[in-house]
Amino acid sequence: MERIREAFESALAARVPGHGVALERPKSGDLGDLAFPCFRVAKALGKSPVQLAAELASQITLEGADLLAAGPYLNLKLHPETRAKEVLGGLLASKPYGSGASNGQKIIVEYSSPNIAKLFTIGHLRSTMIGHSLVQVHRYLGFDVVRLNHLGDWGTQFGTLIAAYKRWAEAVNPELNRDFEWADPAPENRRTPLFRLFQLYVRFHAEEEKDPAMRDEARDWFRRLEKGDAEARRLWTWFREISLKEFLRIYDRLGVGFDTFVEGEAFYEDKLADTVKALEAKHLLQEGERGARIVDLEDVGISTPCMVVKADGGSVYATRDLATGIYRRDHYQYDKCIYVIGAEQILHMQQVFAVLKKLDPGWFTEGKVIHAPFGLISLPDGKMSTRKGNVIFLEDVLDEAVTRVLAIIEEKNPDLPRKAEVAEMLGIGAVIFFNALNDRVKPFTFTWDRVIALDGDTGPYVQYAHARICSVLRKAGAEWMAKAAPGLHDSKETATVPYAPWEVPTELKGLEAPEAQALLFELAGLPSAIRVAREQLMATAIARQLLVIARSFSSFYTNCPILIADNPPEVREARLALCVATARALRQGLFLLGIQAPEEM
RNA sequence: GCGCUCGUAGCUCAGCUGGAUAGAGCAUCAGGCUUCGAACCUGAGGGUCGGGAGUUCGAAUCUCUCCGGGCGCACCA
């Protein structure tokens, strides 16, 4: 397809020298494979776009394609056989479809970043999976990616945790290995020390409302932690361990990996003083209200100053993020650093980026550090609050999705082997796909039926198309199935599904039907969807394109029989090749989102 | 009050840097399994793109303004 595009571009450039010839993808494959909108050039030449399109259509000829003037557009439409050959050639070649060669650029992605001693909520899924898909897309396009989890493992909440633990757990349940008498029993799927730690946290906040003196108790423990008190330190380390253990289990379930968990908030504690010194050296710090030290940002259009040192001399969130920015500059020498953090922190990120830029304008240039915000998830009755305990836990959502899928399997395909494993892929796939499908920055209200929808525009719909293809290929013979079966790969460590290269069959008769041509056209759209995903810093375009491909396949499947006896061998082979190519595109596309594609379901 | 963000079909949402007749899914209605998986397919109805003004050959898209939601606005993270 790239060859065709270049030939078309140079033919156009020869006819209208000196003008840019930006090509577009037509809305539908009926119109053609590539479109040249004539508006701009026509204006420059003083012609009507309709006239120019007609002229160009009669002047240019390209082998294997028709050039059609459609009003002000000049469309290049490949002949059915050429279209098949171009698209399938791209999909079955040795270079993964739409991927890029290694480009030597290093991208840092910070995402997920949960707070220690809290459970994953549905909100964490957003940061985690948006980040994961950004990682996958960048890797796929040839970037070198570093995955950072900026754990919330420091701050006054640890004072709270330690105080709560001392009050209600140490004497009666020091290992946190059984339920508390005063609390509701832990649900079956969360009978873990982490959950009990979370219960302590919630209880402390509830009682603190009535007894404000408890706040001093928490503050005191945090002070001891900061000073390196052995007891506080021991508990902190332990809390961090039991949290991380649970986090890793969930990341495994989601197929998400990180390069380090070390560089969380605590990691930067001993780097804060130097950060303040660096700001002093640049004379950026001013005296603010009540003696706090701030960086004024009026000159860059931010009316709220960035507070770096509190009146009592303590550090704040921004101090840590500044230290983080400096450390990453020195340690990673990256080309771009993407922060996947909630939209409610837009101002905060702007402030941090602005201060970093003042600190080192040579390094922190435009676009060097990027905030990829995502919208808040709320409940029908309001905002989620971990402290108040009215939250939707991620694992509950995943478990419920898997349960619903299992019920459908029992109904539709009770003899399916490895039901539990498949249900896990489909249920989690549904939740992840829903997240990917929707715009990153738009907030939404959680309802079970929305997030765990299983038909229509959903992950399982795409997975179903893939499973049906595999079913056809199995029936066609082991050698066909093998072409859609990837080699072994670690879902956490690669973005590319390894398929064996395969020469396109030379005869591609049998793909002239409009449904087959439409499917080819949509398959051709996947690479640009991947590029758009990178530009927009969200996988939505990929998810949408996968739906369109799956839908086109379903239509092709119902209208163009593949294995029936009266198909001539070359028709059968061409249609099977299209099936193989579609299966590969679907599985690879889903993989970029972090979703697996079962071969049966 | 200031800033950011969103407002598209009954509901949930696409619509990429302005460009072809504004598209999907859900829901509703009407069809389709003796043939490769009906978790599917085919079709129908349903839209003042929040209101107004402007820029342009052309605006859902850009600008301004108003209305309405969400978020944020220094000693929490």
Side-chain angles (χ1 to χ4, degrees), chain A residues 22 24-28 31 35 37-40 42-43 48-49 70-73 75 115 152 154-157 265 288-295 301-318 320-321 342-348 350-351 373 375-376 378 383 405 408-409 411-413 426 434 437-439 441-445 447 449-450 453-458 460-461 463-465 467-476 528-529 531-532 535-536 540-541 543-544 547-548 550-551 554-555 557-565 567 575 579 600-601:
Chain A
E24 293 178 359
R25 188 176 140 81
K27 297 188 133 180
S28 131
L31 292 164
C38 297
F39 304 99
R40 202 155 301 170
K43 191 175 187 181
S48 93
Y73 287 86
N75 293 326
N115 283 338
W154 201 252
T156 43
Q157 77 263 29
E265 289 179 357
E289 289 167 19
R290 290 161 49 191
R293 308 182 74 189
I294 60 166
V295 179
I302 301 173
S303 55
T304 311
C306 181
M307 188 176 64
V308 179
V309 184
K310 292 193 284 188
D312 66 3
S315 64
V316 284
Y317 186 31
R320 279 192 264 280
D321 274 358
E344 69 277 10
Q345 295 189 38
I346 286 176
L347 175 61
H348 166 77
Q350 283 175 344
Q351 292 176 320
L376 202 72
S378 54
K383 207 170 161 177
V405 169
I408 295 172
I409 290 175
E411 177 197 330
K412 311 217 179 207
N413 196 4
L426 296 175
F434 171 79
L437 190 61
N438 292 301
D439 191 293
V441 299
K442 289 192 182 178
F444 78 92
T445 304
T447 60
D449 288 341
R450 262 188 86 186
L454 298 173
D455 43 34
D457 279 355
T458 65
Y461 177 83
Q463 290 165 313
Y464 181 63
R468 275 167 124 190
I469 294 171
C470 291
S471 177
V472 172
L473 296 176
R474 267 193 303 275
K475 289 196 166 67
S528 65
R531 284 196 301 273
V532 168
E535 285 162 16
Q536 299 185 337
T540 305
R544 303 255 162 214
L547 282 174
V548 172
R551 207 174 296 134
S554 293
S555 181
Y557 178 86
T558 43
N559 289 292
C560 303
I562 298 155
L563 298 176
I564 54 167
N567 264 351
R575 291 184 177 173
C579 284
E600 287 181 80
M601 61 188 267

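As the structure is a computational prediction, the values presented were derived from the model and not from experiment. Protein chains get the first letters and strands the later ones, always in sequence-line order, with residue 1 at the start of each.
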Identify the nucleotide, in any strand shown, that forms a Watson-Crick or G-U wobble pair with [N], with both distances under 3.5 Å; if there is none, say none.
N: rU42(B); value: rA30(B)
N: rC73(B); value: rG1(B)
N: rA14(B); value: none
N: rG47(B); value: none
N: rA22(B); value: none
N: rC62(B); value: rG54(B)
N: rG37(B); value: none

Starting from [atom2] on [N], measure out to [atom1] on [X] and report it in whole angstrom.
X: Glu344(A); N: rU5(B); atom1: CD; atom2: C1'; result: 12 Å
X: Lys27(A); N: rC16(B); atom1: NZ; atom2: P; result: 9 Å
X: Gln345(A); N: rC76(B); atom1: CD; atom2: C1'; result: 11 Å
X: Ile302(A); N: rG3(B); atom1: CD1; atom2: P; result: 14 Å
X: Arg290(A); N: rC75(B); atom1: CZ; atom2: C1'; result: 6 Å
X: Asp457(A); N: rC26(B); atom1: CG; atom2: P; result: 7 Å
X: Leu376(A); N: rG72(B); atom1: CG; atom2: P; result: 8 Å
X: His348(A); N: rG3(B); atom1: NE2; atom2: C1'; result: 16 Å

Taking [M] as the reference, what is the distance to [N] when you measure between their [atom1] atoms (whole Å, please)?
N: rG70(B); M: rA30(B); atom1: P; result: 40 Å
N: rA14(B); M: rG25(B); atom1: C1'; result: 10 Å
N: rG46(B); M: rC11(B); atom1: C1'; result: 12 Å
N: rC16(B); M: rG23(B); atom1: C1'; result: 15 Å
N: rA59(B); M: rG54(B); atom1: C1'; result: 11 Å
N: rA20(B); M: rC49(B); atom1: P; result: 16 Å
N: rC36(B); M: rU48(B); atom1: C1'; result: 48 Å
N: rU35(B); M: rC26(B); atom1: C1'; result: 31 Å

[X] side chain, from C-beta outward: closest of [options]:
X: Lys442(A); options: rG72(B), rC16(B), rC13(B); value: rC13(B)
X: Ala70(A); options: rA20(B), rC75(B), rC76(B); value: rA20(B)
X: Thr304(A); options: rU5(B), rG72(B), rA74(B); value: rA74(B)
X: Leu347(A); options: rC73(B), rC57(B), rU5(B); value: rC73(B)
X: Arg544(A); options: rC6(B), rC13(B), rA20(B); value: rC13(B)

Backbone N/O of [Y] and side chain of [X]: donor-acceptor pair under 3.5 Å:
X: Glu265(A); Y: Arg320(A); value: no
X: Glu344(A); Y: Leu376(A); value: no
X: Asn567(A); Y: Pro561(A); value: yes
X: Ser471(A); Y: Ala467(A); value: no
X: Asn413(A); Y: Ile409(A); value: no
X: Arg25(A); Y: Ala35(A); value: no

### Message
Testing the basics here: between Pro373(A) and Val441(A), what is the closest heavy-atom pair and its distance to 0.1 Å?
### Response
O-CG1, 3.4 Å
## Note on the structure
Heavy-atom closest pair (Arg544(A) atom, Leu437(A) atom, distance to 0.1 Å) is NH2-O, 3.1 Å
#### Entry: Along RNA chain B (nearest heavy atom to each residue), the more 5'-positioned of Val309(A) and Ser303(A)
Ser303(A)
### Query
How are the rings of His348(A) and Tyr317(A) set relative to one another: parallel (under 30°), tilted (30 to 60°) or perpendicular (over 60°)?
parallel
Have a look at [X] and say if it touches a base, only the backbone sugar-phosphate, or nothing, with a 4.0 Å heavy-atom cut-off.
X: Asn75(A); result: base
X: Ala453(A); result: nothing
X: Pro49(A); result: nothing

### Query
What string of B, S and - do you get for nucleotides 32-42 of chain B, 5' to 3', if B is base contact, S is sugar-phosphate-only contact and - is no contact with any protein heavy atom under 4.0 Å?
----BBSBSSS
### Task
Run the salt-bridge test on Asp312(A) and Arg290(A) with the 4.0 Å N-O cut-off and return the result as yes or no.
no
